[in-house]
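Here is the structure we will look at.
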Amino acid sequence: VDSTLHKSAIDIGKGGGGGGIVSNLIMLKYFYAQGNSTDNIVYFIDAWPFFSRKWNEDNYFLTNEPIRYQLFKLSLHYRISRDVLLNYLKSKYTIDWLEQKPETREINNDVLKDVSKEAIQKRLASLYIEPYDEQVFNHYAMQLEEVVKLAQVHHSKITFIFPATLLDDNRGKEKVVKLLSDFKAKYGVDFYDYSNAIQDPKLYYDHDHLNTKGVLYFTEKYLKPIVH
């Protein structure tokens with residue numbers, strides 16, 4: 001990705017279901033608090049993190065982070081759940097933690113063999129675990145707006161992208177699009193919907209994650225024009 005973009009890129013989001021709105025806000029604040037800076041932030045956004053605490057305050061996103069006062073303080077401020085904070089502390093007193101090394105993204109040549117409606121429905125059920133609640137949505141919308149404000153204070157251009165997927169589900173998406181449209185009018189931030197941009201299963205390793213070939217294709221065709 002770096003060589004395609006001719007830029008240095010780091011991923012401070014949390015994959016594996018750990019990239020909730022609250023966790024992304026905390027990690028971005030922590031990034032800036034360490035004296036870091038960036039010209040561009042690309043924020044890959046989905047609708048499902050707006051539906052539940054599980055992807056936010058109850059998300060175990062701190063397990064692979066070292067114990068840092070500033071990170072703990074931020075987590076307390078955003079009311080990360082007690083169990084998550086206890087796990088954050090306890091996880092550092094394990095053999096796994098002592099043997100842990102910095103994570104690297106390995107080349108993934110796995111290919112989705114066929115598009116399965118049954119697998120798609122199962123995946124959607126695992127993401128949308130609670131029905132839409134306006135109060136919950138508005139709570140996370142406010143925190144996403146805080147991300148936008150934070151980026152602008154630090155002179156970083158932030159762009160939102162709906163990532164490529166084969167799930168073909170628009171549940172709650174129109175509300176997120178409306179939110180991002182409001183951000184565009186208010187703050188001048190851009191957003192792009194590439195959810196249907198890649199339909200070739202050979203570029204995925206499952207129904208909503210691109211394999212390495214897919215990532216490189218997406219970077220060259222869609223991401224590169226945005227960050228240049």
Are [X] and [Y] ion-paired here, with the side-chain N under 4.0 Å from a carboxylate O?
{"X": "Asp193", "Y": "Lys173", "answer": "yes"}
{"X": "Asp39", "Y": "Lys157", "answer": "no"}
{"X": "Lys175", "Y": "Glu134", "answer": "no"}

Legend entry - Proximity of Phe218 and Tyr194 rings by center, below 6.0 Å: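 Between Tyr194 and Phe218, which both carry aromatic rings, the centre distance is below 6.0 Å.
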
Inset, instruction - Compute the centroid of each ring, for Phe51 and then for Tyr128, and state whether the two points are separated by less than 6.0 Å. - result: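 Yes, close enough.
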
Kindly indicate whether the side chain of [X], heavy atoms from C-beta on, has any atom under 4.5 Å from the side chain of [Y].
{"X": "Gln199", "Y": "Leu166", "answer": "yes"}
{"X": "Ile41", "Y": "Leu28", "answer": "yes"}
{"X": "Arg123", "Y": "Asp208", "answer": "yes"}
{"X": "His139", "Y": "Glu57", "answer": "yes"}
{"X": "Val22", "Y": "Asn59", "answer": "no"}
{"X": "Arg68", "Y": "Lys73", "answer": "no"}
{"X": "Arg171", "Y": "Trp48", "answer": "no"}
{"X": "Asp110", "Y": "Asn211", "answer": "no"}

[X] and [Y]: same hydrophobic cluster, using ILVMFWY side-chain contacts below 4.5 Å?
{"X": "Leu71", "Y": "Tyr93", "value": "no"}
{"X": "Tyr205", "Y": "Leu124", "value": "no"}
{"X": "Val153", "Y": "Val148", "value": "no"}
{"X": "Ile161", "Y": "Leu216", "value": "no"}
{"X": "Val215", "Y": "Val111", "value": "no"}

Take a 6.0 Å sphere around [atom1] of [X] and say whether it holds more than 12 heavy atoms from other residues, nucleotides or ligands.
{"X": "Ile95", "atom1": "CD1", "value": "no"}
{"X": "Leu76", "atom1": "CG", "value": "yes"}
{"X": "Lys224", "atom1": "NZ", "value": "yes"}
{"X": "Lys122", "atom1": "NZ", "value": "no"}
{"X": "Glu118", "atom1": "CD", "value": "no"}

Legend entry - Worked check of salt bridge (Lys or Arg N to Asp or Glu O under 4.0 Å) between Glu130 and Arg53: CA-CA 9 Å; Glu130 296 179 35; Arg53 280 183 58 95; over 6 Å; no

Legend entry - Qualifying residues under salt bridge (Lys or Arg N to Asp or Glu O under 4.0 Å), relative to Asp200, sequence neighbours excluded: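 So Asp200 forms no salt bridge (Lys or Arg N to Asp or Glu O under 4.0 Å) with any residue.
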
At what distance, to the nearest 0.5 angstrom, does [atom1] of [X] lie from [atom2] of [Y]?
{"X": "Glu146", "Y": "Leu25", "atom1": "CD", "atom2": "CG", "value": "4.5 Å"}
{"X": "Lys54", "Y": "Tyr60", "atom1": "NZ", "atom2": "OH", "value": "10.5 Å"}
{"X": "Tyr78", "Y": "Ser23", "atom1": "OH", "atom2": "OG", "value": "12.5 Å"}
{"X": "Thr212", "Y": "Leu203", "atom1": "OG1", "atom2": "CG", "value": "11.0 Å"}
{"X": "Leu180", "Y": "Asp190", "atom1": "CG", "atom2": "CG", "value": "10.5 Å"}
{"X": "Leu127", "Y": "Asp46", "atom1": "CG", "atom2": "CG", "value": "8.0 Å"}

[X] and [Y]: which non-hydrogen atoms are nearest, and at how many Å?
{"X": "Asp168", "Y": "Asn196", "result": "OD1-OD1, 4.4 Å"}
{"X": "Ile129", "Y": "Ser52", "result": "CD1-OG, 3.6 Å"}
{"X": "Ser8", "Y": "Asp2", "result": "CA-OD2, 3.8 Å"}
{"X": "Phe61", "Y": "Ser75", "result": "CZ-OG, 4.3 Å"}
{"X": "Ala47", "Y": "Gly172", "result": "CB-C, 3.9 Å"}
{"X": "Asn24", "Y": "Gly13", "result": "OD1-CA, 3.7 Å"}

Inset, instruction - Could you give me the CA-CA distance, side-chain angles and deciding distance for Leu89 and Ile67, then say whether side chain to side chain contact (heavy atoms under 4.5 Å, CB included) is met? - result: CA-CA 7 Å; Leu89 299 175; Ile67 295 177; 3.9 Å; yes

Inset, instruction - Verify whether one side chain among Tyr32 and Ser37 offers a donor that lies under 3.5 Å from an acceptor in the other. - result: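 No pair is found: no donor N or O on one side chain lies under 3.5 Å from an acceptor on the other.
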
Donor-acceptor contact below 3.5 Å, side chain [X] vs main chain [Y]:
{"X": "Tyr222", "Y": "Pro163", "result": "no"}
{"X": "Tyr204", "Y": "Ile198", "result": "yes"}
{"X": "Lys92", "Y": "Tyr88", "result": "yes"}
{"X": "Gln70", "Y": "Ala33", "result": "no"}

Inset, instruction - Evaluate the side chain to side chain contact (heavy atoms under 4.5 Å, CB included) criterion for residues Val42 and Phe160: first the C-alpha distance (whole Å), next the side-chain angles of each, then the deciding distance (0.1 Å), finally the verdict. - result: CA-CA 6 Å; Val42 177; Phe160 292 96; over 6 Å; no

Legend entry - Thr159 and Tyr43: CA distance, side-chain angles, deciding distance, side chain to side chain contact (heavy atoms under 4.5 Å, CB included) verdict: CA-CA 6 Å; Thr159 304; Tyr43 193 120; over 6 Å; no

Inset, instruction - Evaluate the criterion side chain to side chain donor-acceptor pair (under 3.5 Å) for residue pair Asn87 and Thr63; output intermediate values, then yes/no. - result: CA-CA 7 Å; Asn87 177 264; Thr63 304; 3.0 Å; yes

Inset, instruction - Could you go through the side chain to side chain donor-acceptor pair (under 3.5 Å) check for Thr94 and Asp96 one step at a time? - result: CA-CA 5 Å; Thr94 64; Asp96 287 343; 5.3 Å; no

Legend entry - Worked check of side chain to side chain contact (heavy atoms under 4.5 Å, CB included) between Ile158 and Tyr187: CA-CA 10 Å; Ile158 185 167; Tyr187 301 106; over 6 Å; no

Inset, instruction - Only one of Tyr140, Phe137, Tyr132, Trp55 passes ring pair (Phe, Tyr, Trp, His ring centres under 6.0 Å) with Phe50; say which it is. - result: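 Among the candidates, only Phe137 passes.
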
